[in-house]
Amino acid sequence: MSNTSNAANALLASLRSQAPGGRMKLLAASAGLAALFMVLHKLLISSNKLSAKASAKKNHLVTNLGELDSEYDVIIIGGGTSGCVLASRLSENPNIKVLLLESGGSGKALIFTRIPSAFARLFHNKNYDYDIRTEPQVHAQGKTKYWPRARMLGGCSSINAQMAQYGAPGDFDQWAETIGDDSWSFKNFAKYFRKFEQFVANPVFSPYTSFSSPDPSVKEGEIGLTGPVEVGFFNYVSEASKFFVRSCINVGIPYTPSFNGANGTVGVSRIMTYIDSNGTRVSSESAYLTDEALSRPNLTVAIYAHTTRILFSEPENGNPRAIGVEIASTKDRDVAEPKKYKVFAKNEVVLSAGAVHSPHILMLSGIGPSEHLSAHNIPTVVDLPAVGANLVDHPIVDFIFKDKMGVSLSFLKPENVMDRLRSTRALIQYTIFKRGPLCSNMGEAAAFVRTDDPSLFPKDDFKEELEDSTPSKDSPDLELLCTPFGYRDHGAFTFDVRTYALHVYLLRPTSKGYIRLLSNNPFDNPSVDPNYLQTSADIHKLLRGARLCLRLAHTEPLSSCLTHSETRSDLDHFLHEKTDEELLEIIRQRVETVYHPACSCRMAKKEDGGVVDAKLRVYGVDGLRVCDASAFSYVVSGHTAGACIAMAEKLSDEMKAELKANLEEF
Ligand SMILES: Cc1cc2nc3c(=O)[nH]c(=O)nc-3n(C[C@H](O)[C@H](O)[C@H](O)COP(=O)(O)OP(=O)(O)OC[C@H]3O[C@@H](n4cnc5c(N)ncnc54)[C@H](O)[C@@H]3O)c2cc1C
């Protein structure tokens, strides 16, 4: 409401101040279209709210925590990317009674999660985002960084950039080696990617076109066709992103039809996305918590149900056992003494609250570094120092250029009447055809490269030897991305000219940080420190990536798209003239999260800093597992949602088999 009236006021103001007689018709047309924009916008939002309310009612999402049963077979904490998969898959067995607890509401009820380009509109809104700020980054000019983390069903899959690239095969082989269990190796684990994927060919564009006439380089079986998560190439791709792909090929990055194949992920391509053929985001809520799943009598999904701690029994034969959870309504988060409820788990509790909140909840429950827990008056249940340690995140650096050819989508954040006209047209196009610029997922194309590739980084120009942190030679350590407009501060700041942006991020950082408690109030955010650029290798690899981005901006055909005569100091047309020292300082100043925190409860041997074993069971306690990005052994060389979904598919299969055996015993 406030956004639309702001737009209307801005439009009226510009009409009053600018309108000379000759432009009256254009302005009147703009006013008409802007009014239409507002009506469409309202209609979209209200129809979405109505259908969301209707569907919440029909699907019995529980909001009154007093209505919950006292006992379930399995309780899952966190209805995010991984939690929705677990709840849906486990409850396929009608004999397993499952409770899913989510701190937020429904994600698919929100219009800004549905429209692929709109996700940043939910950032900082405390009803939908935990609105986390990191500790000051010692190696990045002491600045704190904003970390969006979704509070809603679907979790971060409801607000992410929908890029469906899952990492490199070597990542999973390294997980298998780290934990000493071959079920995690790519050759065994890849079947879980195929299990969740439902590839739908876009008749207008697809590198594979269709499986009846596949691209010769793509083998059938390299992508799943029948899973719940629709993936494909239905995202909008701006002209500049197509030029980016060609410029990458021109500097020597090979074209690849698939980033997820057995041949590795190195190369450049248009990105496959979690956007369906109807131009709508596919989240793990929309894919797994279907009407059919929600109507199962053995599945209960409680929303606005914030877990305050896990409950344990006294140790009987050595280990304490997780027997249930304590919860409070998220709506009471500002109440001094919120009402608490207890729900018990007959078999297992699974923690899927994400890389920030899974270690947070463990520590609130007494599992973590004992001294740290005591400092916050939390009695230790298990002294497990690795909880919250080993946090790794992908750091990103952005470069912004002025667009010369009108290909930028900057108009989606309108600055003037012409922008409003174009965004109205885009909204109409989306409303009627579910196509067009609003279907941009922002990261439209990407390139994955290695910093030791001599064709991109010749030894004469890049002399420094950098430690190889990749798991195998087919794994990249840098990703280059293009977005169809430039922004800073995660979209909070845009430019008053049309812009285009290139970004580079480090895929295998060696810098490590932590998650720690700030207080013992379960509604407070924890302390988050990714420790960006702690190691010299990390910043020097980003420097190589920065040089490559700047080279691409000056390589045809992308170069002709950008106004290189532009001398504004907040744009980057002349950055390639800077010395390495100057560029290193710019990297320190600009580094941000690319939203992929992981490894804070990592799967590894206990003596190597592990929190969970190969079956994702927490060391030293029975009946408790962690399944989400926090359990990654190492962060994947790419985007993290796919590996979370596949991990949850794997655990569901294993738990179903174990629980079936248990149920048959009784
Ligand atoms: C802006 C953004 C863009 C991204 N872009 C991409 C991309 O393009 N492609 C990609 O693959 N990945 C992307 N990612 C990363 C990816 O989405 C995440 O790594 C992944 O979704 C994490 O899944 P998860 O299951 O670990 O946690 P989440 O999905 O974060 O789920 C955790 C859930 O637990 C809930 N929870 C937390 N605490 C409690 C509590 N106390 N009680 C009850 N519930 C609780 C949360 O509300 C949340 O729903 C992006 C992430 C963001 C934020």
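Numbering of ligands and ligand atoms starts at 1, following listing order.
- An N or O contact shorter than 3.5 Å is missing between Q165 and ligand 1 by distance.
- Of all the heavy atoms of P597, none lies under 4.0 Å from any atom of ligand 1, so neither backbone nor side chain is involved.
- Side-chain N or O atoms of D171 include one that pairs as donor or acceptor with a backbone N or O of S637 at under 3.5 Å.
- What sits closest to atom 12 (N) of ligand 1 on the protein, heavy atoms only, is A641 N, 3.5 Å.
- Of the N and O atoms on the side chains of E444 and T483, not one donor lies less than 3.5 Å from an acceptor on the other residue.
- Remark: ligand 1 atoms within the under-4.0 Å shell around heavy atoms of A629 are 26 (O).
- Among protein heavy atoms, the minimum distance from atom 27 (O) of ligand 1 is reached at G354 CA, 3.5 Å.
- The part of I361 lying near ligand 1 is the side chain, judged by heavy-atom distances below 4.0 Å.
- Taking only nitrogen or oxygen atoms, main chain and side chain alike, C156 reaches within less than 3.5 Å of ligand 1.
- Counting atoms of ligand 1 from 1 in the listed order, those under 4.0 Å from a heavy atom of C644 are 22 (C), 23 (O), 26 (O).
- Here's the thing with S630: none of its N/O atoms is less than 3.5 angstrom from an N/O atom of ligand 1.
- Note on D131 versus R149: no salt bridge recorded, every NZ/NE/NH1/NH2 to OD/OE distance being 4.0 Å or above.
- With T81 contributing its side chain and G155 its backbone, the two residues share no donor-acceptor pair below 3.5 Å.
- When L481, T640, V636, I271 are ranked by how near their heavy atoms come to atom 15 (C) of ligand 1, first place goes to T640.
- Protein heavy atom nearest atom 31 (O) of ligand 1, with residue, atom name and distance: G80 CA, 3.3 Å.
- If you check which protein heavy atom lies closest to atom 25 (O) of ligand 1, you get S82 OG, 2.6 Å.
- Not close to ligand 1: F119, with no non-hydrogen atom less than 4.0 angstrom away.
- Taking the six-membered ring where tryptophan is involved, the planes of H596 and H394 are perpendicular, since the angle between them exceeds 60° and thus also 30°.
- Polar contact check, G83 against ligand 1: no nitrogen or oxygen pair lies under 3.5 Å apart.
- In this structure, the side chain of D489 does not engage the main chain of F493 through any donor-acceptor pair within 3.5 Å.
- No side-chain donor-acceptor contact under 3.5 Å links N160 and Y595.
- A donor-acceptor pair is defined here as one N or O able to donate and one able to accept, closer than 3.5 Å; no such pair exists between the side chain of R151 and the backbone of G104.
- Looking at H639 against ligand 1, both its backbone and its side chain come within 4.0 Å, counting heavy atoms.
- Residue R149 approaches ligand 1 through these ligand atoms, each under 4.0 Å from one of its heavy atoms: 53 (C).
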Check residues 518-525 and write down every donor-acceptor pair under 3.5 Å in which the side-chain atom is one partner and the other belongs to a residue at least two apart or another chain.
{"from": "S519", "atom 1": "OG", "to": "N521", "atom 2": "N", "distance (Å)": "3.0"}
{"from": "S519", "atom 1": "OG", "to": "D524", "atom 2": "OD2", "distance (Å)": "2.6"}
{"from": "N520", "atom 1": "ND2", "to": "H376", "atom 2": "O", "distance (Å)": "3.0"}
{"from": "N521", "atom 1": "OD1", "to": "F523", "atom 2": "N", "distance (Å)": "2.8"}
{"from": "N525", "atom 1": "ND2", "to": "Y130", "atom 2": "O", "distance (Å)": "2.8"}

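- Atoms of ligand 1 lying under 4.0 Å from any heavy atom of A161, numbered from 1 in the order shown and given with element: 3 (C), 4 (C), 5 (N), 6 (C), 7 (C), 8 (O).
- The backbone N or O of G227 sits less than 3.5 Å from a side-chain atom of Q198, completing a donor-acceptor pair.
- The shortest contact between atom 39 (C) of ligand 1 and any protein heavy atom is with Y130 OH, 3.9 Å.
- The atoms of ligand 1 that sit less than 4.0 Å from any heavy atom of A305 are 42 (N), 43 (C).
- Of the protein's non-hydrogen atoms, the one nearest atom 35 (C) of ligand 1 is E102 OE1, 3.3 Å.
- Against a heavy-atom cut-off of under 4.0 Å, I159 is close to the following atoms of ligand 1: 1 (C), 2 (C), 53 (C).
- Defined by atom type and a distance below 3.5 Å, a donor-acceptor pair is missing between the side-chain atoms of H503 and E479.
- The backbone N or O of Y634 sits less than 3.5 Å from a side-chain atom of W175, completing a donor-acceptor pair.
- Across the listed options W147, Y128, Y595, Y595 owns the non-hydrogen atom lying nearest to atom 2 (C) of ligand 1.
- At a 3.5 angstrom cut-off on N or O pairs, I77 does not count as close to ligand 1.
- Nearest heavy-atom pair across A389 and R516 is N-NH1, 4.1 Å.
- With respect to E649 and K195, a salt bridge is recorded, a charged nitrogen being found less than 4.0 Å from a carboxylate O.
- Residue-to-ligand polar distances place N160 within reach of ligand 1: an N/O pair is separated by less than 3.5 Å.
- Residue contact check for ligand 1: Y166 places no non-hydrogen atom closer than 4.0 Å to it.
- Every atom of ligand 1 is numbered from 1 in the order shown, and the set under 4.0 Å from a heavy atom of D628 is 24 (P), 25 (O), 26 (O).
- Of the N or O atoms in M163, one or more lie within a sub-3.5 Å distance of an N or O in ligand 1.
- By the 30° and 60° cut-offs, the orientation of the rings of F186 relative to F193 is tilted.
- Using a 4.0 Å cut-off to heavy atoms of S352, the atoms of ligand 1 that qualify are 32 (C), 33 (C), 34 (O).
- For Y500 and F485, the ring centers are positioned 6.0 Å apart or more.
- At under 3.5 Å, a nitrogen or oxygen of T307, whether backbone or side chain, sits near a nitrogen or oxygen of ligand 1.
- When only non-hydrogen protein atoms are considered, atom 20 (C) of ligand 1 lies nearest to T81 OG1, 3.7 Å.
- Side chain of Y166 to main chain of C644: no donor-acceptor pair is present (N/O by atom type, distance under 3.5 Å, no hydrogens or angles).
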